[in-house]
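A short worksheet on the structure shown next.
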Amino acid sequence: MAETRSGFVALIGEPNAGKSTLLNRMVGAKVSIVTHKVQTTRARIRGVAIEGDAQIVFVDTPGIFKPKRRLDRAMVTAAWGGAADADVVVLLVEAHRGLTEGVEAILAALDEQDAQYKGPPRKIALAINKIDMVPVEKLLDMTKVLNERRAFVETFMISAEKGRGVDDLRKWLAKELPVGPWLYPEDQIADLPMRMIAAEITREKLTLNLHQELPYQLTVETEAWEERKDGSARVDQIVYVSRDGHKGIILGHRGETIKRISRASREELAEFLGRPVHLFLQVKVRPNWLEEAERYGEMGLDFKDGN
């Protein structure tokens, strides 16, 4: 029998670098929120991909940025935790932005970790994403600059959105993982509970439909999940917001906004499950939800990390 391999691959980078898009492309299904807005991934979301005899467990971490609030700090801690626990780390850099101040800060933090790290050298690869946005000459110059800044074990040019270069990256990752049995059943694509995946789907629809600031002031929790005899599922969710005014924005005129969001979320969840879903949303005001440990637990974050 062929030798099996398995392990964890952490995708790190600035917010909006394309980590969630790459994760979904690698797994072949949508397991992480993808929007045009930054900081939409909050927890370390694991997606599972098979490449030959290897099982790759991807950790899609929150974007690494300068934290201001408790939630921000918990998200950044989760991102670095994902990197520290991984067998291989892939740093995503946007081709049209290059070595930004944020990327430099991430590289400096990796340098700091290297100095404290005991054991064999860590495998950290570079993936320059969104390559269709810049000319080839600029990509080559950027590769040179970034590899002079840090000696990456490999460099890949990819377009996570269009799939260019992704197969090469996945094949390379499969070879770099340690020999060992698979960590998850062959048909499992994520280690998130379905309740959390459902909440993330609804949060994505809220993020896409609402204006710039509000999505960061809300969270979604799946309160109840009922399997019905006809094969369908009833899902009850609560959208928590911090102000009364936010509740009105989500509901919209005559409830039109919440109906649109609920319909889009229900359709995607039904497609994901492959069966009918009855989704019921409530919007509740909790002024201090950003300071409640229970809310962080529902998001897969550690409340203490936000101190």
Side-chain angles (χ1 to χ4, degrees), residues 20 29-35 39-47 60 62 69-71 74-75 78 188-210 214-252 254-306:
S20 296
K30 187 171 180 179
V31 294
S32 188
I33 282 186
V34 179
T35 78
Q39 299 168 30
T40 44
T41 298
R42 286 179 176 167
R44 279 180 283 174
I45 296 174
R46 288 177 179 161
D60 176 26
R69 306 167 298 171
R70 177 187 284 273
L71 177 60
M75 287 164 60
Q188 187 168 338
I189 62 168
D191 78 342
L192 282 180
M194 270 313 308
R195 293 168 71 105
M196 189 179 284
I197 290 176
E200 285 291 279
I201 287 172
T202 299
R203 191 165 66 86
E204 179 191 53
K205 304 313 173 193
L206 287 158
T207 302
L208 291 168
N209 280 273
L210 302 172
L214 185 54
Y216 312 119
Q217 301 293 325
L218 63 79
T219 190
V220 180
E221 291 179 15
T222 301
E223 186 184 37
W225 187 295
E226 178 194 349
E227 296 291 347
R228 293 185 163 181
K229 292 179 181 177
D230 62 2
S232 66
R234 175 187 169 123
V235 181
D236 291 86
Q237 294 180 332
I238 300 174
V239 181
Y240 287 113
V241 294
S242 54
R243 296 179 193 169
D244 279 318
H246 292 170
K247 181 175 181 179
I249 292 170
I250 292 174
L251 293 175
R254 295 182 179 176
E256 289 302 318
T257 304
I258 193 71
K259 286 178 189 173
R260 184 170 68 249
I261 290 166
S262 179
R263 183 169 57 250
S265 181
R266 184 183 69 249
E267 288 173 355
E268 182 162 323
L269 187 54
E271 185 179 351
F272 189 89
L273 293 172
R275 55 199 172 97
V277 171
H278 308 280
L279 178 64
F280 298 87
L281 296 182
Q282 288 184 66
V283 184
K284 291 187 178 181
V285 179
R286 289 186 77 101
N288 298 313
W289 78 262
L290 281 162
E291 298 300 323
E292 293 177 4
E294 189 180 350
R295 305 283 82 79
Y296 283 67
E298 287 288 339
M299 289 186 281
L301 297 172
D302 191 332
F303 183 72
K304 294 175 184 176
D305 289 339

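Keep in mind it's a predicted model, so treat the numbers as computed, not measured.
- Residue Leu251 holds its CG atom at 6.5 Å from NZ of Lys247, rounded to the nearest 0.5 Å.
- Going from atom CZ of Arg286 over to atom NZ of Lys284 covers 8.0 Å, rounded to the nearest 0.5 Å.
- Residues that satisfy the side-chain hydrogen bond (donor to acceptor under 3.5 Å, both in side chains) test with Arg228, not counting sequence neighbours, are absent from this structure.
- Under the 3.5 Å distance criterion, the side-chain polar atoms of Thr222 are matched with a main-chain donor or acceptor of Arg195.
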Handout entry: Residue pair Thr202, Leu279: steps toward the side chain to side chain contact (heavy atoms under 4.5 Å, CB included) verdict
Key = CA-CA 10 Å; Thr202 299; Leu279 178 64; 4.3 Å; yes
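- Here the CD atom belonging to Glu204 is positioned 9.0 Å from the OG atom belonging to Ser265, to the nearest 0.5 angstrom.
- The side-chain heavy atoms of Ile250 and Leu281, taken from C-beta on, include no pair separated by under 4.5 Å.
- Of all heavy-atom pairs spanning Leu269 and Ala198, the tightest one is CD2-CB, 3.8 Å.
- Side chain of Glu221 to backbone of Tyr240: no donor-acceptor contact under 3.5 angstrom is found.
- Among pairs with a residue in residues 229-243, those fulfilling salt bridge (Lys or Arg N to Asp or Glu O under 4.0 Å) read Arg234-Asp236, at least two apart in sequence or across chains.
- Applying the side-chain hydrogen bond (donor to acceptor under 3.5 Å, both in side chains) test to Arg275 and every residue at least two apart in sequence or in another chain returns Glu227.
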As a quick check of understanding, evaluate side chain to side chain contact (heavy atoms under 4.5 Å, CB included) for Leu210 and Leu218, giving each step before the final call.
CA-CA 11 Å; Leu210 302 172; Leu218 63 79; 3.9 Å; yes
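- Between the OG1 atom of Thr219 and the CG atom of Leu206 there is a distance of 10.0 Å, given to the nearest 0.5 Å.
- In this structure, the separation between NZ on Lys259 and CZ on Arg266 is 12.0 Å, given to the nearest 0.5 Å.
- With rounding to the nearest 0.5 Å, the separation of CZ in Phe280 from CD in Glu223 is 13.0 Å.
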